[in-house]
Protein chains: 2
Amino acid sequence: MPQQTKPIGEVPTRLAVSTVIFALRPDRSGRPVLWTPLVRRTREPQLGLWALPGGWLPPAEELEAAAARTLRLTTGLAPTYLEQLYTFGEVDRSPGARVVSVVYWALVQSDEAARATAGPNVRWVPADTLPGLAFDHNRIIEYALWRLRTKVEYSQIAHAFLGETFTLAELREVVEAVLQRPLDPANFRRTMLASGRLRETGERLAGARNRPPKLYRYDSTALAATPEPTARTESLRERPAS
Amino acid sequence: MPQQTKPIGEVPTRLAVSTVIFALRPDRSGRPVLWTPLVRRTREPQLGLWALPGGWLPPAEELEAAAARTLRLTTGLAPTYLEQLYTFGEVDRSPGARVVSVVYWALVQSDEAARATAGPNVRWVPADTLPGLAFDHNRIIEYALWRLRTKVEYSQIAHAFLGETFTLAELREVVEAVLQRPLDPANFRRTMLASGRLRETGERLAGARNRPPKLYRYDSTALAATPEPTARTESLRERPAS
DNA sequence: TCAAAAGTGTTGTCACTACACCCATGG
DNA sequence: CCATGGGTGTAGTGACAACACTTTTGA
């Protein structure tokens with residue numbers, strides 16, 4: 001907020017919004033792993049390198065809306081989870097200009113991600129084996145990955161990778177893919193149910209040659225211990241992807 | 001990062017850095033409570049209202065350095081803890097212009113805060129009973145308070161309010177003041193020592209009419225479980241305040 | 001009837017709480 | 001010698017890990 005006023009220089013600091021997007025996709029062995037979409041830079045600096053989707057902040061657009069828009073432009077998807085990650089502003093992070101980037105991170109549904117747009121300038125890569133990216137974007141994605149993994153441990157965000165309803169095995173498979181470690185099905189079940197945020201739909205998922213598991217739905221209205229003040233409680237799901 | 005390029009409008013978005021500063025000061029009953037310094041706005045908009053210390057981001061200054069500088073300008077102090085809080089950028093948060101504020105939060109030593117500069121345009125207020133502030137600064141301080149309180153529960157930051165060495169009773173008094181709830185001295189002692197981040201100095205604090213307690217020093221080099229990737233491990237203490 | 005996964009029971013460990021109790025010092 | 005905090009011992013509780021076990025389905 002304006003406390004001391006300085007004239008804006010000829011080369012002002014510019015403000016960008018970027019988004020780290022995560023989805024689960026099966027690797028060659030069929031097990032789901034984290035993937036993230038990148039865009040190819042079509043102008044200097046760093047022309048031709050792969051980078052995070054993003055762009056300059058339009059003066060009349062909210063930060064989160066800008067993040068959701070670039071996400072939609074690059075993937076054709078609407079996020080099921082979207083949260084501010086961090087603001088990166090090192091003086092020398094972009095050659096030639098001072099760029100401050102407000103970075104968001106997002107989760108999108110895995111089945112939607114499968115039919116996401118891809119083209120010569122959009123490429124999905126495994127989040128754990130990144131190529132060399134433009135600017136400081138490797139570091140940013142690594143930080144977002146760390147945040148996703150720590151948050152999955154204490155929070156209920158794994159459901160954002162799934163559809164409206166899901167079985168506990170599906171949910172566990174998601175968490176295992178994010179944490180890269182197997183979990184005890186019995187204990188996972190109890191921990192999830194004890195959280196009070198899952199509601200039975202009354203349905204079961206038949207068809208497999210085993211006992212049909214119950215289908216659950218995530219209940220965002222259930223009492224949270226202490227939600228973060230910056231978190232929205234409304235679902236992002238209902239937004240039209242238009 | 002430049003992905004799509006838009007011409008900078010006549011009224012560009014401006015980037016500010018603000019800092020929420022916390023120190024412990026005794027209230028009238030002598031018990032320490034959280035205080036935060038505010039500055040009076042000397043120009044429109046919101047002229048005359050109290051606001052967070054901050055200012056426009058100089059093009060050649062790091063975000064964190066800008067936060068430390070405004071902190072030094074308003075309090076004359078160097079922070080013992082400084083961390084990015086959040087970036088607030090709602091389109092309508094500042095009347096007349098689009099202002100995006102990267103907000104930091106800081107802790108300063110309580111005894112230094114006692115002799116901090118204050119004047120007609122700088123005022124310290126109890127952090128829990130704020131007056132009506134300019135812009136969205138009430139909300140920002142409340143979020144910083146929430147972050148301080150949650151972080152004190154799982155992290156070792158309380159020592160940042162104290163000097164180089166301290167007793168466990170002093171440290172506990174700090175945590176009690178932040179959390180606004182008494183703690184069991186025996187359990188607090190064990191939890192702190194089990195963290196592995198306190199080192200005995202070998203000294204004791206004599207003079208009181210009780211058994212002299214040991215003095216401890218915070219050890220930032222001790223193995224942390226998993227430090228946040230954005231956190232610096234070096235101490236902020238050593239920096240000259242000049 | 002069998003493979004496979006759903007779902008339940010049981011035990012051990014560990015962190016944390018509550019609180020009784022002993023220790024060392026200055027007055 | 002006693003008030004005052006420093007510091008230790010110990011039992012209870014609740015969350016979680018490990019793993020044996022029963023249940024229910026499709027083939």
Side-chain angles (χ1 to χ4, degrees), chain A residues 30-32 149-156 158 162 165-217 222-226, chain B residues 30-32 149-156 158 162 165-177 179-217 223-226:
Chain A
R31 290 204 325 237
R149 292 196 162 122
T150 46
K151 194 145 191 173
V152 156
E153 298 247 37
Y154 68 84
S155 169
Q156 290 271 13
L162 298 170
T165 64
F166 47 85
T167 69
L168 281 166
E170 288 168 339
L171 188 61
R172 176 169 51 82
E173 191 180 33
V174 165
V175 177
E176 287 176 338
V178 171
L179 297 182
Q180 298 179 301
R181 128 173 95 87
L183 298 173
D184 184 303
N187 296 331
F188 181 82
R189 143 181 302 277
R190 276 178 294 232
T191 307
M192 287 301 111
L193 294 180
S195 77
R197 295 185 143 277
L198 297 185
R199 292 280 164 266
E200 290 189 17
T201 62
E203 315 261 305
R204 283 173 183 268
L205 185 64
R209 63 193 228 271
N210 52 25
R211 177 172 168 176
K214 291 178 182 174
L215 281 169
Y216 293 86
R217 182 189 314 278
L223 66 160
T226 315
Chain B
R31 290 204 325 239
R149 292 195 163 123
T150 46
K151 194 144 191 175
V152 156
E153 298 247 38
Y154 68 84
S155 169
Q156 289 272 11
L162 297 170
T165 64
F166 46 85
T167 68
L168 282 165
E170 287 168 341
L171 188 61
R172 176 169 50 83
E173 191 180 33
V174 165
V175 177
E176 287 176 337
L179 297 181
Q180 298 178 301
R181 124 173 98 87
L183 299 173
D184 184 303
N187 297 331
F188 181 80
R189 142 180 305 275
R190 275 178 294 233
T191 308
M192 288 301 111
L193 294 180
S195 77
R197 296 184 144 277
L198 296 186
R199 292 282 165 265
E200 292 189 17
T201 62
E203 314 261 306
R204 282 172 186 270
L205 184 64
R209 65 194 229 270
N210 52 26
R211 176 172 170 177
K214 290 178 182 173
L215 281 168
Y216 292 87
R217 182 188 315 279
L223 66 159
T226 314

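Treat the numbers as computed from the prediction; the structure is a model and nothing was measured. Hydrogens, waters and symmetry mates play no part in the numbers below; they use all other heavy atoms, side chains included.
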Round to a whole Å and report the spacing from CG of A/Leu205 to C1' of C/dA4. 15 Å

Interatomic distance where CD belongs to B/Glu153 and C1' belongs to C/dT17 [whole Å]: 14 Å

Among D/dG5, D/dC19, C/dA5, the nucleotide that comes nearest once only the side chain of B/Arg211 is considered: D/dG5

Given side chains that start at C-beta, do those of A/Val174 and A/Glu176 come closer than 4.5 Å, heavy atoms only? no

Assign A/Ala194 to base, sugar-phosphate, or nothing according to its heavy-atom contacts below 4.0 angstrom with the strands shown. nothing

Is it the case that C/dA18 (base atoms only) and B/Asn187 (side chain only) share a donor and an acceptor within less than 3.5 Å, ignoring hydrogens and angles? yes

Tell me what A/Ala206 touches on the nucleic acid: a base, only sugar-phosphate, or nothing, going by heavy atoms under 4.0 Å. nothing

Round to the nearest Å and state the distance from A/Leu171 atom CG to C/dA5 atom C1'. 16 Å

Heavy-atom distance under 4.5 Å between the side chains of A/Met192 and A/Leu171, does that happen here? yes

Short side-chain N/O contact from B/Arg204 to OP1 or OP2 of D/dG7, under 4.0 Å: yes

A/Arg209 has its side chain closest, among D/dG26, C/dC19, C/dA24, to D/dG26

Tell me the interatomic distance from B/Glu200, atom CD, to D/dG6, atom P, rounded to whole angstroms. 15 Å

Starting at CZ of A/Arg189 and ending at P of D/dA17, how long is that distance when rounded to a whole Å? 16 Å

Return the value, rounded to whole Å, for the distance between atom CG of B/Asn210 and atom P of D/dG6. 6 Å

Round to a whole Å and report the spacing from CZ of A/Phe188 to P of D/dA18. 15 Å

Heavy-atom nearest nucleotide on DNA chain D taken for A/Thr191 and for B/Leu193; more 5' hit belongs to B/Leu193

Starting at CE of B/Met192 and ending at C1' of C/dC16, how long is that distance when rounded to a whole Å? 12 Å

Students often get this wrong, so: under 4.0 angstrom with heavy atoms, is A/Ala208 touching a base, only sugar-phosphate, or nothing? sugar-phosphate

Return the minimal non-hydrogen interatomic distance between B/Tyr154 and B/Thr150, and the atom names on each side. CD2-O, 3.1 Å

Assess whether side-chain contact (heavy atoms from CB on, under 4.5 Å) is satisfied between A/Thr201 and A/Tyr216, documenting all intermediate values. CA-CA 5 Å; A/Thr201 62; A/Tyr216 293 86; 5.6 Å; no

Whichever of A/Gly207 and A/Arg190 has its nearest DNA chain D nucleotide further upstream toward 5': A/Arg190

By salt bridge (Lys or Arg N to Asp or Glu O under 4.0 Å), which residues pair with A/Arg149, not counting sequence neighbours? A/Asp128

Quick check on DNA chain C: between A/Lys214 and B/Ala186, whose nearest nucleotide comes earlier from the 5' end? A/Lys214

